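Below: one structure, written as structure tokens.
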Amino acid sequence: MQGYNTLWQPGTDHASIATEVKIISTLKEEGITKEDLGRDGFLERAWAWKKEYGGRIISQLKKLGSSCDWDRERFTMDEGCNKAVNEVFVKMYNKGYIYKGARMINWCPVCNTSISDAEVEYEEQKGHFWHIKYPILNDDGSESGEYITFATTRPETMLGDTAVAVNPGDERYTALVGKYMMLPLMNRKIPIIADEYVDMEFGTGVVKITPAHDPNDFEVGKRHDLPVINIMNDDATINENGGKYAGMDRYEARKAIVKDLDELGLLVKIEDYAHNVGTHDRCHTTVEPLVKLQWFVKMDELIKPARRAVETGEIKLVPESMAKTYYNWTDNIRDWCISRQLWWGHRIPAYYCDDCKETVVALKAPEKCPKCGGTHFTQDPDTLDTWFSSALWPFSTLGWPEQTKELKYFYPTDVLVTGYDIIFFWVIRMIFSGYAHMGDKPFKTVLFHGLVRDDKGRKMSKSLGNGIDPLEVIDKYGADALRLTLITGNAPGNDMRFYWERVESNRNFANKIWNASRFIMMNLPEEAPSLPAEGERTPADKWILSKLNNLVKEVTANMEKYELGVAVQKVYDFLWDEYCDWYIEMVKPRLYKKENETGDDVRSRNAALYTLKEVLTDALKLLHPYMPFITEEIFTTLQDDEESIMISSWPEYRADREYAKEEAEIETVKEAIRGIRNVRTQMNVVPSRKAEVYVVTENDDVKASFAENEYFLKTLGSASGVNIQSDKTGIAEDAVAVMLPHAVLYMPFSDLVDLEKELERLEKEEKRLECELKRSNSMLSNERFLSKAPAEKIEEEKAKLADYEKLMEQVKKQIADLKK
RNA sequence: GGGGCUAUAGCUCAGCCGGGAGAGCGUCCGCCUCACACGCGGGAGGUCAUGGGUUCGAGCCCCAUUGGUCCCACCA
């Protein structure tokens, strides 16, 4: 395996709405608001709550044997990381990457706070569509007597209208574009403009534009340089810009305005209309879009190196398909609004002179205003977006801007493992921040995993109550089983559903390994077995070594390609099927001490024990990344050479451990045993009833290998005796046959077997072979296959065909014999 | 509205480079065989969403359609 310098970085905590909301709700129980506490008091409470909450988690982890410690946890909001955040903010501001600008935000008039898009809940409400008309003016300013009609769900916002828009392609209105109209009630002259935003098909194809109170209108207003007239106070009452409606609540004003328009004859009609309205998810008040000054990061330049890094492969995304999503974000990037109207977070290091309102951005509060010399400043009340500090995580947690030795060693790190849902929020921002402030990428590879959902495919959430507490899972089935469940069962970047059954089956696997290890340790002598001489290894020993050797090669390759699920599936199959179900069973007879032991018996037992132990040890190493606890426990008990599996070397592929001959030999024997078992089950033969087995083959190699491994047919195939011969001499005519590519096994079941059933079975086999022969023949007689397919594929197919033909011959002969 | 992901056994999912369809769970049959019943042995079960195309050959590559799902934006 390649070496990694990945650092398990300290836990961090960031400004977050969720935290603030949580704390506010705990305060609510005591009947106080955050304003009652004041900013400092609030932060103090927040810290206390955080510490208690975090402390609970840590004490649980400690119970599970973790060495984590609250004091060692480091928070981004502590002094060290706060310093990095300020440093970055000031640097970017001075370079012109951070600016202040107007932006539409969601405002909750009841909570008197701005809320994030994520906190806006759209609910369908029954409302009305008010159809209104505005009088069109002649060029000299007099009323033309013509009107333009449109519909609105929010008539009160007309007080802030600064235009009316139509689609530029809409022929109905082409002549009107550029003309002016009189805004009723306010007596303001406003233009008729053309903008793509307007949907010709919808309503009358006319939209009134209120840049200060609608996000789309705000964008339209920017494009056409329209004035932004704010008509509302923060508590959603009409302000002085609303003329005679000033002081009214937004809904009162709506009523009054509709009434007044009606009296002027400008209200065309009212229709019922159901539409989605944004509400605050906590108090369900209808949110009010308002224009406020916010801080922004200018993205067009900063994003370039981040896009290039993935393009050139300097940063690798796994799976690669995530690049599509990545580019979709980089190519449609907009300036990043980084200010949040919260208290729990990094406060923006911008200070305003109390006297001249000059803005000073600095690491510390300035003492003297550079413009007027004033000495009193007020810091900007806003905090930074969670992701602003998170974006600095790869280096801020390592002590930057100090050039610490951790920073030198761990930056850039190798792999970031994260969920695909935060490609935009976190991954992209870490990447561009890395290039901007460190001049280098933060990591070389990003490995994306999916999200864990519940068994119905829903996202786990508190409100649904469908979350799974990992500690509960660990309590029931163990941390290893949970880890294995989360790593397997899906490909990188795909979501997975959580099933208790899967955890249980992985617990069963852990149990299987545990029992296998117990069996081996039971049999290990006081003195560790010694390395056997080459000749002391049986074909079975070499077979399992060869299998392990290939496993090491494949698993290593898979892991280096981050195919973690595929890799562990192979280890799982090897340990359970090959090692436990076959090798241990094969080796058992050699382990038990006999009465009159020869030196060969002792040496064979030693070889078996040595092989059992070495194969298990290496397999445990392959499994360790997935199931660290059980593998470490077994490893340290099983051997004394190394202190911990964590620092042991990763197994390596060895050319001298390729035992092709023995592998083929044992596979044939396995095939024979499976065939025997199969026949016995189909014939309903009780396991206690042994049967004589005849191996008929003309091939000397096959004869030799059956001779060497005949006792497996006795121990695993319930054979009373094994006879190896070249023809059917001395075998009952009605013996049951098992077809192998290079031999036929016969079992004289005459008195147990139903002849009809046996014929049925053979005819089924004949049918299967017919299909295979047909397929293989058609491939090999296809000229285009022969001319275009690679030579090795053709050879492979020819060999298969030969095997099928041989088997077919045997089956036909047996059927004929039985029919006699 | 924009952009992803996805469709394979009854269920949940693998399937690496295009070359005879796999696992776990469930189900059926037989077994408490001295590591393990959280187990052992054997079996049944698939038109790889649909329709085209490329190829000697498609679960895999291309196009279209339909269903599921997520992210972003949002309907005057």
Side-chain angles (χ1 to χ4, degrees), chain A residues 117 122 129 150-154 157 165 197-199 202-204 206-210 214-217 220 273 275-276 278 319 321-322 324-325 327-329 332 420-425 450-451 453 455 457-459 477 481 485 488-491 493-502 504-523 554 557-558 561 563 565-567 569 572-573 580-581 584-585 588 592 673-674 677-682 684-688 715-716 718 771-772 775-776 779 782-790 793 796-797 800:
Chain A
D117 292 345
Y122 287 93
F129 234 165
F150 55 86
T152 177
T153 55
R154 302 200 55 197
T157 61
Y197 157 67
V198 183
D199 179 1
F202 192 86
T204 57
V206 182
V207 184
K208 69 184 204 57
I209 301 297
T210 322
D214 181 277
N216 288 308
D217 293 7
V220 175
Y273 186 64
H275 59 140
N276 278 336
S321 59
M322 288 297 167
K324 271 187 254 172
T325 310
Y327 294 141
N328 188 249
W329 282 113
N332 297 298
Y420 66 84
D421 54 330
I422 49 176
I423 288 182
F424 170 63
F425 294 116
L451 309 177
R453 302 177 173 281
D455 58 0
R458 300 173 303 184
K459 214 167 172 173
Y477 293 108
T485 303
T488 56
N490 70 337
N494 286 340
D495 288 353
M496 71 176 306
R497 297 188 188 195
F498 183 88
Y499 272 87
W500 284 100
E501 291 88 339
R502 291 192 53 235
E504 191 179 332
S505 90
N506 286 326
R507 185 275 316 264
N508 292 351
F509 176 56
N511 197 249
K512 184 76 185 174
I513 299 166
W514 184 257
N515 281 314
S517 308
R518 209 158 53 88
F519 172 75
I520 289 156
M521 287 185 251
M522 249 167 51
N523 286 287
E554 287 183 31
N558 285 131
K561 283 188 278 180
E563 293 161 358
V566 178
Q569 185 65 49
Y572 182 105
D573 291 343
C580 290
D581 289 349
I584 290 184
E585 294 306 325
K588 271 178 182 171
Y592 306 127
I673 291 167
R674 267 198 289 263
R677 284 171 174 170
N678 191 328
V679 167
R680 292 178 62 99
T681 304
Q682 281 185 34
N684 290 322
V685 182
V686 288
S688 55
T715 55
L716 306 176
S718 308
C771 289
E772 296 290 2
R775 185 191 58 78
S776 201
M779 261 176 104
N782 183 340
E783 255 176 61
R784 288 179 297 187
F785 173 72
L786 294 173
S787 59
K788 301 209 175 179
K793 282 285 166 198
E796 202 178 288
E797 203 50 48
K800 279 183 197 169

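Below, read A as the first sequence line, B as the second, and so on, with proteins coming before strands; counting in each chain starts at 1. A quick note: this is a predicted structure, and the numbers were derived from the prediction, not measured.
Annotation: side chain of A:Thr152 is not in contact with side chain of A:Phe129 (no heavy-atom distance under 4.5 Å).
Rounded to an integer number of Å, the gap from A:Asn558 CG to B:A14 C1' is 12 Å. The nearest whole Å value for the distance from the OH atom in A:Tyr572 to the P atom in B:A14 is 17 Å. If you measure from atom CZ of A:Arg502 to atom P of B:G24, you get 13 Å, rounded to the nearest angstrom. A:Leu451 has its CG atom 10 Å from the P atom of B:C70, to the nearest Å. Computed from coordinates, the A:Met779 CE to B:C56 C1' distance equals 9 Å when rounded to whole Å. Counting to the nearest Å, the C1' atom of B:G30 and the CZ atom of A:Arg677 are 13 Å from each other. Rounded to whole angstrom, the span from the OH atom of A:Tyr327 across to the C1' atom of B:C71 amounts to 19 Å. A straight line from CG of A:Asp573 to C1' of B:G15 spans 13 Å, rounded to a whole angstrom.
Remark: A:Leu786 CG to A:Lys793 NZ distance equals 14.5 Å, nearest 0.5 Å. Rounded to the nearest 0.5 angstrom, A:Ile513 CD1 and A:Tyr572 OH are separated by 9.0 Å. Rounded to the nearest 0.5 Å, atoms NZ (A:Lys208) and CG (A:Asp217) are 7.0 Å apart. Of the inter-residue distances, the one linking A:Ser718 atom OG with A:Ile673 atom CD1 reads 10.0 Å to the nearest 0.5 angstrom. Rounding to the nearest 0.5 angstrom, the gap separating the SG atom in A:Cys580 from the CZ atom in A:Phe509 is 8.0 Å. Interatomic distance, A:Asn216 CG to A:Ile209 CD1, rounded to the nearest 0.5 Å: 8.5 Å.
Put simply, the side chain of A:Asn506 gets close to the backbone of A:Arg502: a donor and an acceptor are under 3.5 Å apart. Distance alone, capped at 3.5 Å, places no donor-acceptor pair between the A:Arg453 side chain and the A:Arg497 backbone.
When the C1' atom is compared between B:C5 and B:G45, the two are found 29 Å apart, to the nearest whole Å. Here, B:G1 and B:U12 have their C1' atoms 34 Å apart, quoted to the whole Å. B:A58 and B:U54 have their P atoms separated by 11 Å, with the value rounded to a whole Å. Distance noted for atom P between B:C72 and B:C62: 27 Å (whole Å). Separating the C1' atom of B:G59 from that of B:C48 is a span of 5 Å, rounded to the nearest Å. Comparing the P positions of B:U50 and B:G67 gives a spacing of 15 Å, expressed to the nearest Å. Rounded to the nearest Å, the gap between the P atom of B:G52 and that of B:U69 is 28 Å. Separation of the C1' atoms belonging to B:U33 and B:A37 is 12 Å when rounded to the nearest angstrom.
A sub-4.0 Å separation between OP1 or OP2 of B:G2 and a side-chain N or O of A:Asn332 is absent. Residue A:Lys793 has no polar side-chain atom (N or O) positioned under 4.0 Å from OP1 or OP2 of B:G18. An OP1 or OP2 oxygen of B:A14 is reached within less than 4.0 angstrom by a side-chain nitrogen or oxygen of A:Asn494. Distances shorter than 4.0 Å separate none of the side-chain N or O atoms of A:Lys788 from OP1 or OP2 on B:G19. Taking 4.0 angstrom as the limit, A:Tyr592 places a side-chain polar atom (N or O) nearer than this to OP1 or OP2 of B:A35. For the OP1/OP2 pair of B:A35 and a distance below 4.0 Å, the side-chain nitrogens and oxygens of A:Asn523 include no atom meeting the criterion. Close to B:G41, at under 4.0 Å from its OP1 or OP2, lies no side-chain N or O of A:Arg674.
For the residue pair A:Ala481 and A:Arg507, the shortest heavy atom distance occurs at CB-N, 3.7 Å. Smallest separation of non-hydrogen atoms from A:Phe150 and A:Thr204: CA-OG1, 3.4 Å.
Residue A:Asn782 has its side chain nearest to B:C56 when only B:C75, B:C5, B:C56 are considered. Here B:C75 is the nucleotide among B:C25, B:C72, B:C75 with the atom lying nearest to any side-chain atom of A:Asn216. Nearest to the side chain of A:Pro790, among B:G19, B:A35, B:G4, sits B:G19. The side chain of A:Ile584 lies closest to B:A35 when the candidates are B:G19, B:A35, B:C72. When distances run from any side-chain atom of A:Phe519 to the nucleotides B:G43, B:G41, B:A35, the shortest one goes to B:A35.
The base of B:A14 does not come close enough to the side chain of A:Glu563 for any donor and acceptor atom to sit less than 3.5 Å apart.
Residues A:Glu585 and A:Thr715 have side chains that never bring a donor and an acceptor to within less than 3.5 angstrom of each other. Looking at A:Asp573 and A:Gln569, their side chains do bring a donor and an acceptor atom within 3.5 Å of each other. Using modelled atom types and a 3.5 Å distance limit, the side chains of A:Asp495 and A:Tyr420 yield a donor-acceptor pair.
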**Message:** Dot-bracket, 5' to 3', for RNA chain B please: Watson-Crick or G-U pairs under 3.5 Å, [ ] where pairs cross earlier ones, | where the partner sits on another strand, dots elsewhere.
**Reply:** (((((((..((((.....[..)))).(((((.......))))).....(((((..]....))))))))))))....
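Among the heavy atoms of the strands lying under 4.0 Å from A:Phe425 are primed sugar atoms or P, OP1, OP2 only; no base atom is included. At a threshold of 4.0 angstrom between heavy atoms, the contacts of A:Lys561 are confined to the sugar-phosphate backbone, with no base atom among them. The residue A:Glu783 sits apart from the nucleic acid: no heavy atom pair falls under 4.0 Å. Among the heavy atoms of the strands, none lies under 4.0 Å from A:Trp514.
The residue among A:Ala516 and A:Thr152 whose nearest nucleotide of RNA chain B is located toward the 5' end is A:Ala516. Summary of the strand contacts: A:Ser517 and A:Arg775 both lie near RNA chain B, and taking for each the nucleotide with the nearest heavy atom, the more 5' one is attributed to A:Arg775.
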Give each protein N/O atom lying under 3.5 Å from an N/O atom of nucleotides 61-66 of chain B, with the pair distance.
none

What protein N or O atoms touch nucleotides 37-40 of chain B N or O atoms at under 3.5 angstrom, if any, and at what distances?
| unit_1 | atom_1 | unit_2 | atom_2 | d |
| --- | --- | --- | --- | --- |
| B:C38 | O4' | A:Asn508 | OD1 | 3.0 |
| B:C38 | O2' | A:Asn511 | OD1 | 3.3 |
| B:C38 | O2 | A:Arg507 | NE | 2.9 |
| B:C38 | O2 | A:Asn508 | OD1 | 3.3 |
| B:G39 | OP1 | A:Asn508 | ND2 | 3.4 |
| B:G39 | O3' | A:Lys512 | NZ | 3.1 |
| B:C40 | OP1 | A:Lys512 | NZ | 2.8 |
| B:C40 | OP1 | A:Trp576 | NE1 | 2.6 |
| B:C40 | OP1 | A:Asp581 | OD1 | 3.2 |

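A salt bridge between A:Lys788 and A:Glu783 is absent, with no side-chain N of the basic residue lying under 4.0 Å from a carboxylate O of the acidic one.
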